[in-house]
Amino acid sequence: MSESRRITPSHAPKAADVAEGAAITASLLCLAHCLVLPLLLASAPALSQSLELPFDLHLWIVLLAGPVSLWILIRAAWQRRHGILLLGLCGLSLLMAALVLPVTERQEIVISSIGSLSLAFAHIANWLARHPRLLVHG
């Protein structure tokens with residue numbers, strides 16, 4: 001067998017894998033931001049003066065990450081993974097709700113955290129559904 005036949009295109013990352021990995025990472029970073037940053041600022045109030053984030057940062061994050069997540073979730077629905085689509089849409093809806101609803105900061109953290117977790121779980125479930133051989137042990 002020649003060397004060129006051993007390296008197959010299946011070893012190269014697919015666009016969906018790259019996008020899904022980015023979506024999972026973004027969801028988990030959002031969760032860390034929602035949970036860790038408030039604790040950090042509460043423990044070191046001086047940081048809140050030097051670490052000033054733009055007010056509309058959360059909006060821009062959702063506007064940039066939302067379409068990628070939506071594209072991946074719609075592709076999951078095409079593969080008859082409707083539960084994954086539903087979980088992801090719930091997560092995206094919660095993230096958007098946290099932006100537009102008149103809620104307290106604590107409520108926003110809870111809503112955003114649940115939304116981030118839901119979206120991350122949807123992307124992880126979709127990735128695992130596309131790579132079922134990774135679930136087989138032995």
Side-chain angles (χ1 to χ4, degrees):
M1 182 182 286
S2 73
E3 190 67 32
S4 63
R5 295 190 76 193
R6 289 184 189 156
I7 300 172
T8 61
S10 64
H11 290 104
K14 297 178 183 174
D17 287 339
V18 172
E20 194 106 62
I24 291 168
T25 302
S27 295
L28 294 176
L29 285 173
C30 179
L31 182 64
H33 166 77
C34 289
L35 298 177
V36 175
L37 189 60
L39 292 174
L40 182 65
L41 294 177
S43 65
L47 279 177
S48 66
Q49 301 301 320
S50 62
L51 183 67
E52 194 168 325
L53 299 174
F55 177 73
D56 57 355
L57 176 68
H58 295 114
L59 174 65
W60 284 107
I61 291 171
V62 170
L63 289 177
L64 292 173
V68 174
S69 288
L70 196 56
W71 171 70
I72 293 168
L73 295 169
I74 289 171
R75 287 181 51 128
W78 288 342
Q79 301 298 317
R80 303 196 192 292
R81 297 189 290 267
H82 301 286
I84 291 171
L85 173 65
L86 183 60
L87 181 61
L89 288 177
C90 287
L92 281 172
S93 297
L94 287 170
L95 289 172
M96 289 188 290
L99 287 173
V100 299
L101 292 177
V103 295
T104 66
E105 185 176 345
R106 181 172 286 162
Q107 291 168 330
E108 180 185 349
I109 290 169
V110 171
I111 294 169
S112 296
S113 296
I114 294 170
S116 295
L117 277 173
S118 299
L119 193 54
F121 283 138
H123 285 299
I124 291 167
N126 191 48
W127 192 83
L128 289 172
R130 289 187 299 105
H131 300 282
R133 67 186 175 277
L134 296 176
L135 295 175
V136 178
H137 300 328

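Residue L28 comes nearest to A120 through the heavy atom pair CD2-CB, 4.1 Å, listed as atom of the first residue, atom of the second, then distance. Annotation for A23 and I72: closest pair CB-CD1, 4.3 Å, computed over non-hydrogen atoms. Considering all non-hydrogen atoms of both residues, L73 and I84 come closest at CD2-O, 3.8 Å. Across A122 and L87, no two heavy atoms sit closer than the pair N-CD2, 3.7 Å. The nearest pair of heavy atoms linking R81 to N126 is NE-OD1, 2.8 Å. Of all non-hydrogen atoms in L85 and A77, the two that sit nearest each other are CD2-CB, 3.5 Å.
Placement of L95 and W60 within a single hydrophobic cluster is found when ILVMFWY residues are connected by side-chain heavy-atom separations under 4.5 Å, directly or transitively. If you chain together hydrophobic residues whose side chains sit under 4.5 Å apart, L86 and F121 never meet in one group. Cluster annotation: L29 and I24 are assigned to distinct hydrophobic clusters (Ile/Leu/Val/Met/Phe/Trp/Tyr, side-chain heavy-atom contacts under 4.5 Å, transitive). When the side chains of ILVMFWY residues are joined at heavy-atom separations under 4.5 Å, either directly or via intervening members, L92 and V100 end up in a single hydrophobic cluster. M96 and I74 fall within the same hydrophobic cluster, where Ile, Leu, Val, Met, Phe, Trp and Tyr residues are linked whenever their side-chain heavy atoms come under 4.5 Å apart, directly or through other members.
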Derivation and outcome, side-chain contact (heavy atoms from CB on, under 4.5 Å), residues L101 and Q107: CA-CA 10 Å; L101 292 177; Q107 291 168 330; over 6 Å; no

Query raised in the report: Taking it one step at a time, do Q79 and R130 satisfy side-chain contact (heavy atoms from CB on, under 4.5 Å)?
Result: CA-CA 9 Å; Q79 301 298 317; R130 289 187 299 105; over 6 Å; no

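With sequence neighbours excluded, the residues satisfying side chain to side chain contact (heavy atoms under 4.5 Å, CB included) with V110 are I114.
Between the CD atom of E20 and the NZ atom of K14 there is a distance of 12.0 Å, given to the nearest 0.5 Å.
Of the residues L89, L99, I111, the one that meets the side-chain contact (heavy atoms from CB on, under 4.5 Å) test with L94 is I111.
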